[in-house]
Amino acid sequence: MAEQQKKTGAFDIRVVIAALVGIYGLVLTILGIIADPDEVAKAAGININLWGGIAMLVFAALFVLWARLRPIVVPVEEQAAAEAAKTKE
Amino acid sequence: MLALESILRLDATAIDYIIIATYFVFVLGIGYLAKSAVSNSLDFFLSGRSLPAWVTGLAFISANLGAIEIMGMSANGAQYGMPTVHYFWIGAVPAMLFLGVVMMPFYYGSKVRSVPEFMLRRFGKPAHLVNAISFAVAQVLIAGVNLFLLATIVNVLLGWPIWVSVIAAAAIVLSYITLGGLSAAIYNEVLQFFVIVAALLPLTLVGLHKVGGWEGLVDKVSASPGGAEQMSAWPGNALSGFSSDFLSVIGLVFGLGFVLSFGYWTTNFVEVQRAMASKNMSAARRTPIIGSYPKMFIPFIVIIPGIIAAVIVPELAQFKADGTGEVTYNDALLLLMRDLLPNGMLGLAITGLLASFMAGMAANLSSFNTVMTYDLIERYIVKERSDDFYLRTGRWITVAGTFIAIGTAAIASGYSNLMDYLQQLFSFFNAPLFATFILGMFWKRMTATAGWTGLVSGTATAILVFILSENGVIDLPGQGASFVGAGAAFVVDILVSVLVSLATAPKRESELVGLVYSLTPKEQRTEVAQAGDQGWYRRPVLLAGISLAMVIVLNIIFG
């Protein structure tokens, strides 16, 4: 099973996107928590770093989830057969 | 040349620089990771035709989401208001759907490696040479313009000297494309797409909150010099330059929609190359169709901030009222960022802009190296060498292209008007190309001679209209002159092609299988069912229909 449908190496662009957006989310969330009230006032009273950061963390988590649930598979001839076998098990 | 202390200077702090630097680490990392996937020239130039449709679909719109698009469309938003959405809803989206539904089967099905190569197989060498050379020249010049714009922004925002920014940006783009080829360019475009959205969406939301939501924006724009008509998309007289409502709608639908946008989106190899990199026919057809979904919402994060900037940034409101002050419409986004974003989000917004400018340049270079290598060098100069030779050639062509782009950027810095002209001129070139393609794909009688004569006469017409409008002989403000130029080029191309075709001998029908609609068996035009392609949501025509319906609804809501 694992042989026929092996995942491609570490390079899944979804994970890369999630990593970058996740780092940004983390940095912005921290900035938002320690925000100076004057800076918040600049963005019309919204703590945009905090909310933007949280939204990015959620986005990153969703992308990782997607990559986990639907990993890239190397096309194998017997892929369809393998899937059928999997559902029988 | 540019003021060292500009009122646009953003006070970026250490944290903003860290955010920008993180992005560049990722960009170069992708180039490095993609390198392991390049083992032959097809990998380098077309990603081995292996990418999934959502990746190529996002790259498809990201390749176009460059400096000109983002700054230009927000500037148009600030100046004209909602009618600017026509570039997306009448222009891009229908053309992208047409490409996916009607034209992609011929591009992908015939297994050509570039748009000029399709020209070669349909019309022979003269048309191929005209197309390949004009495309290569245009790309390398536009890459220079993108590079220059990027450097100007870095100069204004962060205070780096222009030449330092030019070389730094060129070095980064060059290193990831020469390493990873088209895969690196495409993966970076996908990353860029998300960074651009992450940068512009918060800006838009904060801006809308500041003006008091949508109603607040409508009230403020209605009270501003633009007036209430700037908040509805139709009939868009100010944008088209026609005073009659009827002519304006006709001009928008046929000039902008049919001729200019169909020409751009369906024949421009920069775009089509992304679809050609996808893994099968179904994915290739879905590429522009999937791209159309985010494309129809991009106006909300590009045009709306422009409109907001024109009513809440005092300098820009003053400029719109009486044309005085130090700023212009092109500064709309930057001014809004300066006024609304705290450090942190500001760094992300700058990153988004830099990302978009590099996306444009990388897209130009990655299509330039393909056309130079496959269409010019392999076909006419150094024939029948090993694949390895062409892979190496492609890498060196990328280096050469980058140096030419740095040179173009230097010219652009001295003659900024010249570059505006060139750019406008290139936008005309696609109209005759589209005419030749569409006639060639659907009319088997069209001959090889008609192919190149139509193209040349159509392009000449476009240039003539351009010169006349620059000299004031044709006097249309707004975008009217481009619409007329593109329309005239289209009509002349069709007329010449038909007349020449009737006077010359057509190609044998056996040579046109896969290239002309009526001679291509249905199985070759439609996708073969493949594992992983099942499900209604993967059917290209259905997806296109949903997209079209959504765009019509958007037109009604914001009409």
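Note that these values count all heavy atoms, side chains included, but never hydrogens, waters or copies made by symmetry.
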Might you work through the side-chain contact (heavy atoms from CB on, under 4.5 Å) test for A/Val16 and B/Phe26, ending with a clear yes or no? CA-CA 8 Å; A/Val16 179; B/Phe26 270 74; 3.7 Å; yes
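- Screening residues 182-202 of chain B for salt bridge (Lys or Arg N to Asp or Glu O under 4.0 Å), with sequence neighbours left out, gives B/Glu189-B/Arg274.
- For chain A, the nearby part of B/Leu348 is the side chain; its heavy atoms alone come within less than 4.5 Å.
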Show your reasoning for whether side-chain contact (heavy atoms from CB on, under 4.5 Å) applies to B/Asn343 and A/Leu31. CA-CA 9 Å; B/Asn343 290 111; A/Leu31 281 176; 5.9 Å; no
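- Listed in order of number, the residues of residues 19-30 of chain A that approach chain B to under 4.5 Å between heavy atoms are A/Ala19, A/Leu20, A/Ile23, A/Tyr24, A/Val27, A/Leu28.
- Looking at B/Ile15, only its side chain comes within 4.5 Å of chain A, counting heavy atoms on both sides.
- Of the atoms belonging to B/Val195, it is side-chain heavy atoms, and not backbone ones, that fall under 4.5 Å from chain A.
- Taking the six-membered ring where the residue is Trp, A/Trp66 and B/Trp54 present tilted rings, their angle falling between 30° and 60°.
- For OH of B/Tyr32, the number of neighbouring non-hydrogen atoms (other residues, nucleotides, ligands) closer than 6.0 Å is 12 at most.
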Verify side-chain contact (heavy atoms from CB on, under 4.5 Å) between B/Ile30 and A/Ile13, making sure each step is shown before the conclusion. CA-CA 9 Å; B/Ile30 286 179; A/Ile13 188 66; 3.8 Å; yes
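- Under a 3.5 Å cut-off, the side chain of A/Asn49 and the backbone N or O of B/Gly344 do not form any donor-acceptor pair.
- Relative ring orientation between A/Phe59 and B/Phe194 is described as tilted, the plane-to-plane angle lying within the 30° to 60° band.
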